[in-house]
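Reminder, nothing fancy here: chain letters follow the sequence lines and each chain counts from 1.
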2 protein chains.
Amino acid sequence: MVTASKPLRADAARNREKLLAAATQLFAERGLDVPMEHIARRAEVSIGTLYKHFPTREDLVSAIFPERLAALDVIGEKALVDQDPWHAFVVYLEDLYALQAEDRGLNDILARDLPNAPEVVSACHRGAGHAETLIMHAIAGGGLRPDFSITDMATLTRAMAQVIRDSPGEWRRFLSIYVDGLRAQ
Amino acid sequence: MVTASKPLRADAARNREKLLAAATQLFAERGLDVPMEHIARRAEVSIGTLYKHFPTREDLVSAIFPERLAALDVIGEKALVDQDPWHAFVVYLEDLYALQAEDRGLNDILARDLPNAPEVVSACHRGAGHAETLIMHAIAGGGLRPDFSITDMATLTRAMAQVIRDSPGEWRRFLSIYVDGLRAQ
DNA sequence: ACAAAACTTGAGGGCACCCTCGACTTAACC
DNA sequence: GGTTAAGTCGAGGGTGCCCTCAAGTTTTGT
């Protein structure tokens with residue numbers, strides 16, 4: 001899958017890397033809406049060069065986020081080996097939102113449903129798959145209220161995105177109250 | 001306080017009303033960020049006239065929202081006469097978010113903390129006062145977890161704003177889970 | 001060292017929104 | 001009805017972002 005279709009010229013390869021580095025930083029700091037001009041400037045490259053390498057913002061996103069989203073798989077798999085299904089589920093939520101809180105771009109991706117890039121979409125689906133399994137196990141184990149669904153989790157995730165955006169210090173507190181509402185009974 | 005400083009000319013008074021009506025509609029439908037041009041167009045008035053009457057968006061907001069925010073007082077006072085303090089608190093939350101769900105402009109005002117207009121600010125303070133009393137009573141009554149604070153409520157409100165924006169059908173469900181997390185014990 | 005191909009550059013056109021201001025219109029008062 | 005202050009109008013200037021493309025530069029292969 002490394003499809004090195006056409007080998008880039010030396011300067012082009014260098015600029016591509018500088019662009020990716022700049023975009024990675026800025027997406028994390030300021031979210032996916034950061035102006036293209038800012039990315040080009042931080043990469044010390046002209047706006048035209050940015051568009052040569054990445055004709056759309058989507059292209060940039062899909063070049064960057066598959067790696068970021070791999071972290072989702074890591075926490076998902078970590079949770080799946082946990083013996084206590086309720087504990088696994090809670091830890092998963094904590095890890096997920098900690099990730100979101102660290103990266104505004106990731107927060108944006110998980111909040112809105114705009115990631116049209118196929119690799120991003122599939123990573124999100126994998127994440128949802130993990131979540132669904134964890135939910136089922138936690139319900140079966142009797143810890144999680146039986147009516148909790150993946151839809152509720154999506155809603156929670158969007159709500160958390162907002163909390164993280166405007167009061168980053170509050171998300172753990174917010175989550176802990178919500179989680180108390182999730183216990184069976 | 002009706003300060004009819006200078007009596008408006010007949011046409012001006014008419015236009016002012018048309019502008020207020022248009023803005024009230026559009027704020028409720030599309031939120032506070034609706035373009036000024038749209039408001040003028042819906043009022044069938046030129047953009048210049050809009051700016052003559054309301055030099056800033058803030059002026060428009062503070063002409064419209066005090067009335068809307070009075071609804072907050074109504075639900076606050078309704079809740080305060082409820083005998084059961086836990087029930088009062090829960091009903092207050094439900095009424096509040098139902099209000100938010102009906103009016104995107106109100107949702108915006110309560111979510112972001114941008115309402116600089118003095119009358120809007122004071123209405124929000126009154127609302128927060130009611131909320132704080134209800135919280136104290138509900139804690140004293142033993143229904144609400146004792147560590148719940150007005151800060152938590154502000155966080156919840158912003159989270160709800162987001163839920164209402166991107167999945168208006170989900171807010172009751174979301175609230176009910178959160179409220180389950182709020183019971184004492 | 002040269003030519004061709006690949007790449008870079010930034011001025012500039014487009015768009016959506018903001019807001020202003022001078023020329024026109026109209027209500028109000030005599 | 002005429003005067004004039006009050007009000008209306010909308011073209012247009014400003015900003016910030018989008019994206020393109022013709023002209024210039026650099027790498028690569030010979």
Can you measure [X] atom [atom1] to [N] atom [atom2] for me and round it to whole angstrom units?
| X | N | atom1 | atom2 | answer |
| --- | --- | --- | --- | --- |
| B/I39 | C/dC17 | CD1 | P | 12 Å |
| B/Y51 | C/dC19 | OH | C1' | 5 Å |
| B/K52 | C/dT20 | NZ | P | 13 Å |
| B/R57 | C/dC17 | CZ | P | 10 Å |

Margin query: What's A/I47 touching, base or sugar-phosphate or nothing? Going by heavy atoms closer than 4.0 Å.
Written below: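 It contacts base atoms.
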
Checklist line | CD (A/E119) with more than 12 external heavy atoms under 6.0 Å | finding: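 No, CD of A/E119 has 12 or fewer neighbouring heavy atoms, counting only those of other groups under 6.0 Å.
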
Note to self: Both A/L50 and A/E37 contact DNA chain C. Which one's nearest nucleotide lies toward the 5' end?
What the structure shows: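 Final value for this comparison: A/L50.
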
Next item on the list: Please figure out whether B/R9 or A/L8 has its closest DNA chain C nucleotide nearer the 5' end.
Entry: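 Whichever sits nearer the 5' end wins; that is A/L8.
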
Note to self: Are A/F174 and A/L99 linked, directly or through intermediate hydrophobic residues, by side-chain heavy-atom contacts shorter than 4.5 Å (ILVMFWY only)?
What the structure shows: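 Same cluster: A/L99 reaches A/F174 through Ile, Leu, Val, Met, Phe, Trp or Tyr contacts under 4.5 Å.
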
Notebook entry, point to check: Transitively linked via ILVMFWY side-chain contacts under 4.5 Å: A/L26 with A/M36?
Noted result: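 Yes, it is one cluster - the side chains of A/L26 and A/M36 are joined through contacts under 4.5 Å.
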
Notebook entry, point to check: Can B/R42 and B/E29 be said to form a salt bridge (charged side-chain N to carboxylate O under 4.0 Å, His left out), step by step?
Noted result: CA-CA 13 Å; B/R42 179 159 311 187; B/E29 288 169 17; 3.2 Å; yes

Checklist line | Residues within residues 11-25 of chain B bordering DNA chain C, heavy-atom distance below 4.0 Å | finding: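 Hits under 4.0 Å, by residue number: B/D11.
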
Notebook entry, point to check: Quick one: on DNA chain D, does B/V45 or A/G48 contact a more 5' nucleotide (nearest heavy atom)?
Noted result: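 This one resolves to B/V45.
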
Next item on the list: Using the side chain to side chain contact (heavy atoms under 4.5 Å, CB included) rule, pick out the option among B/V179, B/I139, B/D84, B/I135 that qualifies with B/F89.
Entry: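 It is B/I135, the one option of B/V179, B/I139, B/D84, B/I135 that forms the side chain to side chain contact (heavy atoms under 4.5 Å, CB included) with B/F89.
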
Next item on the list: Grab the two heavy atoms, one from B/S62 and one from B/A117, that are nearest each other, plus how far apart they are.
Entry: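 Minimum heavy-atom separation between B/S62 and B/A117: CB-CB, 3.2 Å.
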
Check: Hey, is the side chain of A/H53 poking within less than 4.0 Å of OP1 or OP2 on C/dT8, counting only N and O atoms?
Finding: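 Yes, such a contact exists.
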
Checklist line | Positional range of nucleotides in DNA chain D within the contact set of chain A, heavy-atom, under 4.0 Å | finding: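 Here the contact window of chain A covers D/dC17 to D/dT28.
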
Checklist line | Residues B/D108, B/R165; criterion salt bridge (charged side-chain N to carboxylate O under 4.0 Å, His left out); working and verdict | finding: CA-CA 9 Å; B/D108 286 353; B/R165 263 196 286 270; 2.9 Å; yes

Check: With a 3.5 Å cut-off and no angle check, do the side chains of A/D152 and A/T155 form a donor-acceptor pair?
Finding: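 Judged by distance alone, the side chains do not pair up.
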
Item checked: Results of side-chain hydrogen bond (donor to acceptor under 3.5 Å, both in side chains) for A/H87 - residues two or more places apart only ->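 For A/H87 the side-chain hydrogen bond (donor to acceptor under 3.5 Å, both in side chains) partners, ignoring immediate neighbours, are A/D82.
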
